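Just below is one structure, and these are the notes that go with it.
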Amino acid sequence: LDLVRIKLKVLPKRLEDWRTLTFAFTKIAKENINNNNNADDNNNKNKMNQDKHLMSIPVEEMQYLAYCSGEIISQSHCKWLHLLNSRHNLVLRDILDHYKKHNRFSKHIVFQKYNPMDNENIYYQPFSALWFSNRPKQILRTLHSKILEYRFHFIKYYRLLDEYVGIFCNKMNRLAERGYLIPMIIAREKGEQGRYAMNLQVGEQEGLDDGFSANISLTRIPNASRCFAEMGLSPGIGSVVFTDLLIRPDTPDAKINDLVVKLNMLLESNYQEEFSRHPTFHSFKVYPWTHETDDLSIIRVAFMFRPASNVDVFLKKFEIGLKFIDIIPEFSASFQLSTTLNTILESKKFTLSSDLNCIGNINTTVARRIIYKILEEILYLYETEQSESRIETRERQGGFQSALFRSKQAMFGNSKKNKSNEMNKKNDKISEISVTGFNEENRDKPDAQISQEKYDKKILNFILWSITMFFKTTKATNSEYCFNNFSEFLYGNRWVRKNMIPKWLTKDILEEPGYIAQVWKRNSEWITLNLQKHWLRVNNNIKSEQIWKEQEEKAHQDKLNKMSKKERAKYAFMLEKKALAEKLKVLGIDSGGALEVEEEAIDNVTFLRRNKAQQMNSEKLLLETYESSCGVLFGIHDITIQCGIHRLAISLQGADVFDLLPDPPPNIVK
């Protein structure tokens with residue numbers, strides 16, 4: 001019985017989990033196919049193996065697959081699950097081989113064609129069987145789980161952004177191919193610009209200079225290559241995203257360099273692989289620097305991309321004569337608070353409703369006719385595709401009904417007594433009737449979810465058309481919003497109260513003195529307690545590693561003692577061969593398989609111990625980085641995005657984030 005086709009409003013929990021896993025596996029498999037097909041050096045190989053990748057994903061994606069399926073697990077646990085899955089597949093292969101040899105009806109059974117010895121990919125069917133079996137579950141500490149969750153949030157939205165950019169490119173290419181966007185149209189619409197301004201004021205305007213502030217500005221750099229070199233970045237890049245972290249005064253250089261090394265190791269172990277998936281990613285760099293304008297000591301964390309990531313190079317692919325400066329010539333924004341973040345989070349007398357004042361403004365000049373034209377053509381293209389799909393579905397359905405009717409006439413026309421002889425003769429002349437068939441869309445979603453998705457698409461379509469018509473009809477606006485306090489700003493407007501305010505944010509919270517300080521104090525104590533637990537776990541594991549190392553050395557020595565002289569010489573030769581292969585690998589020299597050494601089999605206990613040690617080293621690195629950051633860094637100075645000559649800078653004042661974090665727990669023996 002198909003629980004979806006009988007139109008249940010809500011699916012059972014287990015079936016919902018299965019649907020979630022299926023959707024996540026399919027999505028990640030498609031992402032890897034698209035990512036591999038974008039790589040120039042692997043095009044032919046991936047085209048040949050495309051069918052294989054449709055039902056498999058790389059083993060490195062298992063941790064992200066688990067996150068998308070609703071469970072957060074560590075990388076070491078993923079390795080253990082993969083080993084367990086491989087062993088189950090080997091047992092299954094032996095069972096199937098035995099069955100095919102001893103059962104004469106086995107030729108009528110279709111076996112799945114996947115290699116159980118494949119250690120580079122995981123397959124949907126065996127993995128789903130493992131996922132819903134009585135597998136070992138991992139219980140992570142709360143802080144560890146939160147850190148992994150934030151990491152996967154970043155990966156998820158990074159991939160989502162990449163997907164939306166790909167969809168936009170596809171639509172723009174189709175519009176350019178059909179002639180809806182041509183250089184003549186773009187050149188004609190460039191002169192039609194719109195100027196828009198918005199000002200927001202909450203409370204009084206006095207005393208805003210000493211509080212937290214953020215200023216956003218869009219500028220143009222005459223020489224991008226020279227600018228990249230002056231900022232200490234690598235040559236041969238087209239765009240960069242970097243964050244400048246303020247260093248505390250009188251900090252020794254040794255501590256700064258130690259933090260730089262740890263940040264590099266942390267980014268390399270957690271984000272290097274994800275960024276490398278993108279074809280335009282160049283490298284990342286963490287280094288101490290002196291700020292170009294303020295002459296302050298900073299640590300710069302930069303993510304660099306190849307010239308193909310330049311927004312002007314990106315727009316040039318469409319061959320419509322459009323540049324980024326033609327779309328947004330000017331943009332600036334600012335936001336100021338009357339108090340600092342320290343006062344908001346630590347003062348016991350601070351009240352949001354009466355003590356917090358702010359002012360913000362946005363000024364921008366855009367090519368409104370170009371934006372209107374692009375949005376309109378994309379929306380019309382989407383509606384055309386939907387209309388063509390509906391027409392094709394109706395035609396296929398009509399053809400199926402017609403063929404089915406003819407089939408019924410041919411099969412049952414002679415059996416009915418009230419049919420005339422003429423009708424029977426026509427039916428006898430039908431020699432062959434084929435029904436092509438009409439496949440209805442897969443009903444793998446309950447009605448409640450389908451209805452919600454239709455409603456969301458309707459709302460999104462309404463918003464996009466409203467934005468499109470705004471740019472078409474509005475040449476200039478200047479909006480000003482003034483409120484006496486934050487309570488009036490949040491609860492004075494019905495739309496803001498309904499759509500922008502979380503349910504837990506009530507008027508009592510806004511009017512209660514020191515409420516935010518109480519919440520921050522509880523969170524700080526929770527962070528400190530979890531840091532102490534993690535350090536205790538790491539230190540206990542260090543002691544266990546020493547005992548395990550002694551046990552391994554003793555077992556290794558016993559193994560050598562049992563060897564003959566000839567076996568011992570062969571073993572020493574294999575170790576030298578392995579060491580030479582590793583040295584050549586570091587130097588980038590390919591030995592061509594001449595120095596390959598067969599790895600020794602590892603028992604389960606040793607495998608789990610090594611995985612746990614690797615996990616503990618990762619946690620230790622994170623804890624040490626946190627401790628060094630609290631001692632060296634003070635706050636965030638600015639965030640900058642530069643694509644070619646276009647620079648979007650976000651300058652911050654009073655963002656003393658590292659000064660607000662709780663201090664590392666004391667009296668820890670490392």
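These numbers come from a predicted model, not from an experiment. All residue numbers in this chain count up from 1 along the given sequence. All heavy atoms count here, side chains included; hydrogens, waters and symmetry mates do not.
- Looking only at side-chain heavy atoms (C-beta outward), Leu356 and Thr339 come within less than 4.5 Å of each other.
- Atoms CG and CD1, from Leu652 and Ile639 in turn, are 5.5 Å apart once rounded to the nearest 0.5 Å.
- Other residues, nucleotides and ligands contribute over 12 non-hydrogen atoms within 6.0 Å of the CE atom of Met231.
- Ile155 CD1 to Gln63 CD: the interatomic distance, rounded to the nearest 0.5 Å, is 8.0 Å.
- Two residues are said to be in side-chain contact when any heavy atoms from C-beta on lie closer than 4.5 Å; Phe212 and Gln653 fail this criterion.
- Side-chain atoms of Arg306 come within 3.5 Å of backbone atoms of Pro279 as a donor-acceptor pair (strictly under, hydrogens ignored).
- When all heavy atoms of Leu341 and Ala655 are compared, the pair lying nearest together is CD1-CA, 4.1 Å.
- Side-chain contact between Leu245 and Val301 is present, with at least one heavy-atom pair separated by less than 4.5 Å.
- Aromatic rings from Tyr67 and His153 are positioned such that their centres are separated by under 6.0 Å.
- The pair Asp244-Arg300 meets the salt-bridge criterion, with a side-chain N (NZ, NE, NH1 or NH2) lying under 4.0 Å from an Asp/Glu carboxylate O.
- In this pair, Phe489 and Phe486 present their aromatic rings perpendicular. The plane angle is above 60°, beyond the 30 to 60° band.
- Between the Asn540 side chain and the Leu536 main chain, a donor and an acceptor come within less than 3.5 Å of each other.
- With a 4.5 Å cut-off on side-chain heavy atoms, Asn361 and Leu200 do not count as touching.
- Judged by distance alone, the side chain of Asp295 and the main-chain N or O of His291 form no donor-acceptor pair under 3.5 Å.
- When side chains are defined from C-beta on, Trp526 counts as touching Leu143, because their heavy atoms get closer than 4.5 Å.
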Practice item. Decide side-chain hydrogen bond (donor to acceptor under 3.5 Å, both in side chains) for Ser332 and Ser217; before the verdict, give the C-alpha distance in whole Å, the side-chain angles of both, and the deciding distance to 0.1 Å. Key: CA-CA 5 Å; Ser332 63; Ser217 61; over 6 Å; no
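- Looking at heavy atoms from C-beta onward, Gln272 lies out of side-chain contact with Leu267 at the 4.5 angstrom threshold.
- With hydrogens and angles ignored, the 3.5 Å screen pairs no side-chain donor or acceptor of His77 with any backbone N or O of Ile139.
- What you find for Ile73 and Leu140 is that their closest heavy atoms are CA-CD1, 4.2 Å.
- Looking at heavy atoms from C-beta onward, His637 lies in side-chain contact with Asp294 at the 4.5 angstrom threshold.
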Practice item. Report the C-alpha separation of Lys521 and Glu525 in whole Å, then their side-chain angles, then the decisive distance to 0.1 Å, and conclude whether the side-chain contact (heavy atoms from CB on, under 4.5 Å) test is met. Key: CA-CA 6 Å; Lys521 183 180 179 181; Glu525 293 174 351; 3.5 Å; yes
Review point. Which is it for Asp17 and Leu21 under the side-chain contact (heavy atoms from CB on, under 4.5 Å) test, yes or no, and what are the steps along the way?
Key: CA-CA 6 Å; Asp17 294 341; Leu21 175 65; over 6 Å; no
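- The two residues Leu266 and Ser269 come nearest to each other via the heavy atoms O-OG, 3.1 Å.
- Under the 30°/60° scheme for interplanar angles, the aromatic rings of Phe281 and Phe275 are found to lie parallel.
- Here the straight-line distance linking atom CG of Asn485 with atom CD of Glu204 works out to 11.0 Å at 0.5 Å rounding.
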**Study point:** Pair Asn611-Gln615, side-chain hydrogen bond (donor to acceptor under 3.5 Å, both in side chains): steps then yes or no
**Key:** CA-CA 6 Å; Asn611 273 354; Gln615 181 65 34; over 6 Å; no
Exercise for review: Could you check Ser239 against Ser309 for side-chain hydrogen bond (donor to acceptor under 3.5 Å, both in side chains), going step by step and ending with a plain yes or no?
Suggested key: CA-CA 6 Å; Ser239 58; Ser309 63; 2.4 Å; yes
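- Judged purely by atom type and a 3.5 angstrom limit, Tyr515 has no side-chain atom pairing as donor or acceptor with the backbone of Leu352.
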Practice item. Kindly indicate, with the supporting measurements, whether the criterion side-chain contact (heavy atoms from CB on, under 4.5 Å) is fulfilled by Val632 and Phe658. Key: CA-CA 9 Å; Val632 175; Phe658 297 96; over 6 Å; no
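- Residue Asp663 holds its CG atom at 10.0 Å from CD of Glu627, rounded to the nearest 0.5 Å.
- Residues Trp289 and Glu230 come closest through the heavy atom pair CZ2-O, 3.2 Å.
- Gln642 places a side-chain N or O within donor-acceptor distance of the main-chain N or O of Gly644, the cut-off being under 3.5 Å.
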Exercise for review: Test side-chain contact (heavy atoms from CB on, under 4.5 Å) on Thr625 and Leu263 and set out the steps.
Suggested key: CA-CA 7 Å; Thr625 305; Leu263 286 174; 3.7 Å; yes
Check your understanding: Going through the checks in order, is the ring-ring contact (aromatic ring centres under 6.0 Å, His included) test met by Phe284 and Tyr271?
Key -> CA-CA 10 Å; Phe284 71 88; Tyr271 297 100; 9.3 Å; no
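- Of the possible donor and acceptor atoms, one in the side chain of Ser338 sits under 3.5 Å from a partner among the backbone N and O of Asn357.
- A salt bridge does not link Glu163 to Arg159: none of the charged nitrogens lies less than 4.0 Å from a carboxylate oxygen.
- No option in Glu619, His144, Lys620, Arg141 other than Glu619 meets the side-chain hydrogen bond (donor to acceptor under 3.5 Å, both in side chains) test with His534.
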Review point. Going through the distances and angles, do Phe324 and His646 end up as a ring-ring contact (aromatic ring centres under 6.0 Å, His included)?
Key: CA-CA 8 Å; Phe324 185 71; His646 312 283; 5.1 Å; yes
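- Electrostatic pairing of Arg277 and Glu61 counts as a salt bridge here, judged by a charged N lying under 4.0 Å from a carboxylate O.
- The shortest heavy-atom contact between Leu233 and Ala302 is CD2-CB, 3.7 Å.
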Review point. Step by step, would you call Glu268 with Asn264 a side-chain hydrogen bond (donor to acceptor under 3.5 Å, both in side chains)?
Key: CA-CA 6 Å; Glu268 183 177 358; Asn264 271 301; over 6 Å; no
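- Between the side chain of Lys285 and the backbone N or O of Gly232, at least one donor-acceptor pair lies under 3.5 Å.
- Under a 3.5 Å cut-off, the side chain of Asp258 and the backbone N or O of Ala254 do not form any donor-acceptor pair.
- Looking only at distances, no side-chain donor or acceptor of Ser618 sits under 3.5 Å from a matching main-chain atom of Gln614.
- Note on Arg248 versus Asp659: salt bridge recorded, some NZ/NE/NH1/NH2 to OD/OE distance being below 4.0 Å.
- Around the OH atom of Tyr481, the shell of radius 6.0 Å holds no more than 12 heavy atoms that belong to other residues, nucleotides or ligands.
- To the nearest 0.5 Å, atom NZ of residue Lys27 and atom CG of residue Leu65 are 11.5 Å apart.
- Between the CZ atom of Phe303 and the CZ atom of Phe305 there is a distance of 8.0 Å, given to the nearest 0.5 Å.
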Exercise for review: Show your reasoning for whether ring-ring contact (aromatic ring centres under 6.0 Å, His included) applies to Tyr287 and Phe242.
Suggested key: CA-CA 11 Å; Tyr287 57 102; Phe242 63 85; 8.8 Å; no
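- In terms of heavy atoms, Ala66 sits closest to Trp131 at CB-CH2, 3.7 Å.
- In this structure, the side chains of Pro513 and Lys349 stay at 4.5 Å or more apart for every pair of heavy atoms.
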